Amino acid sequence: DGGNFTRRFLHSGIAKELDHPAFLAGNIQPKDVCERVDEQYGRSAYGSVKYSPDEMYWIGYIYRYFAYTYEYSSARVYRIVKPKELRGLFMPYHTIDPAQAVDRILEAKGLAGYDPADIQRQYRIFRTIRLGN
């Protein structure tokens with residue numbers, strides 16, 4: 001179940017590691033992330049709703065993007081927007097810039113209107129990611 005995996009992942013120890021910018025210097029594969037989640041919570045056959053690989057990729061990308069650019073923990077981002085909600089936004093949002101997608105999600109939830117320091121913080125994070133500094 002895509003939503004079950006996402007919930008477990010976003011509350012996992014590996015997600016906490018990924019929330020820290022030092023993660024960007026490492027090399028972890030998606031298979032390793034899945035194994036770490038299974039190690040922490042055990043394998044699950046819970047749920048019957050299967051997300052497509054494209055949906056899972058986009059949902060994961062949006063969660064990571066949101067967490068990095070707003071410097072929020074994965075768990076905090078999960079509290080703001082649930083996987084089922086993101087799945088419903090996949091078709092209309094998956095082709096737009098992730099920044100626009102997150103802005104629209106925040107606006108729809110009445111959480112838009114962050115101060116200009118957010119833009120500077122996001123720029124600093126992107127520069128770090130791109131330049132590896």
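Values below: all heavy atoms of this structure, side chains included; hydrogens, waters and symmetry mates excluded. Owing to the predicted nature of the structure, the values given are computational and were not obtained by experimental measurement. Throughout, numbering of the chain's residues begins at 1 and tracks the sequence.
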Could you tell me if the side chain of [Y] sits less than 4.5 Å from the side chain of [X], heavy atoms only?
{"X": "Leu10", "Y": "Val77", "answer": "no"}
{"X": "Leu86", "Y": "Trp58", "answer": "yes"}
{"X": "Ile14", "Y": "Gln40", "answer": "no"}
{"X": "Cys34", "Y": "Phe5", "answer": "yes"}

Minimum heavy-atom distance between [X] and [Y], given as atom pair plus value:
{"X": "Tyr61", "Y": "Pro98", "value": "CE2-CG, 3.5 Å"}
{"X": "Ile62", "Y": "Ala101", "value": "CD1-CB, 4.1 Å"}
{"X": "Val102", "Y": "Tyr70", "value": "CG1-CE1, 3.6 Å"}

Less than 4.0 angstrom from a charged side-chain N to a carboxylate O is my criterion; do Glu55 and Lys50 meet it?
no
Do NZ/NE/NH1/NH2 and the carboxylate oxygens of Arg8 and Asp38 come within less than 4.0 Å?
yes
Residue pairs, two or more places apart or on separate chains, that pass side chain to side chain donor-acceptor pair (under 3.5 Å) and touch residues 20-33:
Asn27-Gln29
Mind listing the side-chain donor-acceptor pairs of residues 89-97 below 3.5 Å, one per line with the distance, residues two or more places apart or on another chain?
from, atom 1, to, atom 2, distance (Å)
His94, ND1, Phe90, O, 2.8
His94, ND1, Met91, O, 3.3
Asp97, OD2, Ala99, N, 2.8

Hey, is NZ on Lys82 packed in by over 12 heavy atoms from elsewhere, all under 6.0 Å?
yes
Could you give me the CA-CA distance, side-chain angles and deciding distance for Leu106 and Val81, then say whether side chain to side chain contact (heavy atoms under 4.5 Å, CB included) is met?
CA-CA 9 Å; Leu106 291 171; Val81 60; over 6 Å; no
Checking Glu35 against Arg43 for the salt bridge (Lys or Arg N to Asp or Glu O under 4.0 Å) test, could you report, in this order, the C-alpha distance in whole Å, the side-chain angles of both residues, the deciding distance, and whether it holds?
CA-CA 9 Å; Glu35 287 174 3; Arg43 295 192 60 83; over 6 Å; no
Can you tell me how far apart [atom1] ([X]) and [atom2] ([Y]) are? Round to the nearest 0.5 Å.
{"X": "Glu85", "Y": "Ile80", "atom1": "CD", "atom2": "CD1", "answer": "10.5 Å"}
{"X": "Ser12", "Y": "Glu39", "atom1": "OG", "atom2": "CD", "answer": "11.0 Å"}
{"X": "Phe66", "Y": "Tyr78", "atom1": "CZ", "atom2": "OH", "answer": "14.5 Å"}

Sequence neighbours excluded, which residues qualify as salt bridge (Lys or Arg N to Asp or Glu O under 4.0 Å) partners of Glu17?
Arg36
Paired with Ser74, the side chain to side chain donor-acceptor pair (under 3.5 Å) test is passed by just one of Lys16, Arg64, Arg79, namely Arg64
